[in-house]
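Proteins come first, then strands; the chains are lettered A, B, ... in the order of their sequence lines, and each starts at number 1.
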Amino acid sequence: GENVEQHPSTLSVQEGDSAVIKCTYSDSASNYFPWYKQELGKRPQLIIDIRSNVGEKKDQRIAVTLNKTAKHFSLHITETQPEDSAVYFCAARGFKTIFGAGTRLFVKA
Amino acid sequence: EPEVTQTPSHQVTQMGQEVILRCVPISNHLYFYWYRQILGQKVEFLVSFYNNEISEKSEIFDDQFSVERPDGSNFTLKIRSTKLEDSAMYFCASRGFDGEQYFGPGTRLTVT
């Protein structure tokens with residue numbers, strides 16, 4: 001069935017450094033790729049998304065890249081801050097939305 | 001800003017009992033979803049609903065589960081005979097045509 005692989009499962013960075021999270025999807029019908037940030041006990045919040053006709057999208061310190069041929073997409077956070085600490089989920093949507101397993105990001109002050 | 005709402009925020013039930021989780025999607029949205037998240041694990045797709053019928057469902061969504069849109073505003077998830085392993089956070093989500101999904105705050109279901 002459809003699957004989304006996400007790596008790494010845990011990522012620890014120093015404040016000010018960059019963080020990169022990578023995902024791979026299997027469903028060729030996927031055409032929409034959102035990224036969610038989830039803080040403990042809260043709902044997933046959309047932070048950025050990209051559609052299959054776009055290769056890269058940026059919003060301030062956050063950027064997402066998509067390689068449709070390789071079925072890879074990545075989240076890049078620059079100049080990380082302690083408040084960026086959370087669990088980040090990638091997802092791929094075709095007929096249904098499949099989430100990755102999540103990356104727990106720790107930003108050390 | 002419009003939000004998806006869910007009730008109750010926490011539901012405790014005994015094994016074998018039926019529960020109904022309620023959601024009010026954003027009013028002009030067309031697609032509705034239920035997801036579940038077991039504590040510390042990833043968000044898992046359960047079912048999507050469009051045009052008053054199920055459009056997709058996962059293997060988790062077996063005969064014990066059903067969804068309904070009983071009126072123009074509510075969207076419910078029913079679990080007929082709860083099991084211990086149904087304990088999780090259940091998120092409802094909705095989206096407009098080709099738009100992003102908005103998640104509700106979730107209902108924490110505890111089956112004892």
Side-chain angles (χ1 to χ4, degrees), chain A residues 1-10 21-27 29-54 57 59 62 64 73 75 86-106, chain B residues 1-7 9-10 21 23-26 29-51 53-61 67 88-110:
Chain A
E2 302 93 341
N3 191 36
V4 174
E5 301 267 349
Q6 182 172 347
H7 299 280
S9 56
T10 305
I21 303 170
K22 299 185 178 185
C23 288
T24 305
Y25 63 99
S26 61
D27 184 7
S30 297
N31 57 12
Y32 174 69
F33 306 92
W35 285 88
Y36 293 90
K37 176 182 179 182
Q38 188 178 33
E39 295 172 347
L40 192 63
K42 301 281 184 66
R43 74 186 88 183
Q45 297 269 17
L46 181 76
I47 55 171
I48 195 167
D49 57 11
I50 192 167
R51 298 188 186 277
S52 58
N53 57 348
V54 174
K57 183 176 177 180
D59 182 5
I62 296 172
V64 58
F73 57 115
L75 177 72
V87 178
Y88 290 80
F89 291 98
C90 64
R93 187 172 82 202
F95 291 109
K96 54 189 174 187
T97 302
I98 306 297
F99 281 74
T103 296
R104 188 171 297 278
L105 175 65
F106 296 97
Chain B
E1 188 177 329
E3 280 194 334
V4 177
T5 59
Q6 288 184 245
T7 54
S9 57
H10 190 191
L21 310 183
C23 170
V24 179
I26 294 173
H29 281 185
L30 304 173
Y31 299 84
F32 314 112
Y33 306 85
W34 282 101
Y35 295 88
R36 121 184 142 177
Q37 187 176 33
I38 295 169
L39 188 63
Q41 297 187 24
K42 71 173 178 178
V43 178
E44 298 175 290
F45 169 80
L46 292 179
V47 66
S48 60
F49 193 86
Y50 171 71
N51 202 25
E53 60 182 21
I54 291 173
S55 47
E56 283 288 328
K57 59 182 180 179
S58 71
E59 52 278 3
I60 302 168
F61 194 89
V67 288
M89 183 74 97
Y90 288 80
F91 290 105
C92 171
S94 70
R95 71 176 177 97
F97 181 72
D98 205 33
E100 65 191 67
Q101 282 187 29
Y102 291 85
F103 281 79
T107 293
R108 181 168 299 284
L109 177 65
T110 302

Original post:
Do B:Y50 and B:Y31 make the cut of ring centroids closer than 6.0 angstrom?
Top reply: yes
Subject >> Per-residue contact mode, B:F103 against chain A (heavy atom under 4.5 angstrom) >> reply: both
Subject >> Heavy-atom closest pair, residues B:A93 and B:Q101 >> reply: CB-OE1, 3.7 Å
Subject >> Contacting moiety of B:Y35, where chain A heavy atoms sit under 4.5 Å >> reply: side chain
Subject >> Non-neighbouring partners of A:D49 that pass side-chain contact (heavy atoms from CB on, under 4.5 Å), sequence neighbours left out >> reply: A:Y32, A:P34, A:L46, A:K57, B:E100
Subject >> Sidechain N-carboxylate O distance under 4.0 Å for B:E44, B:K42 >> reply: no
Original post:
With a 4.5 angstrom heavy-atom cut-off, which part of A:Q6 approaches chain B: side chain, backbone, both or neither?
Top reply: neither
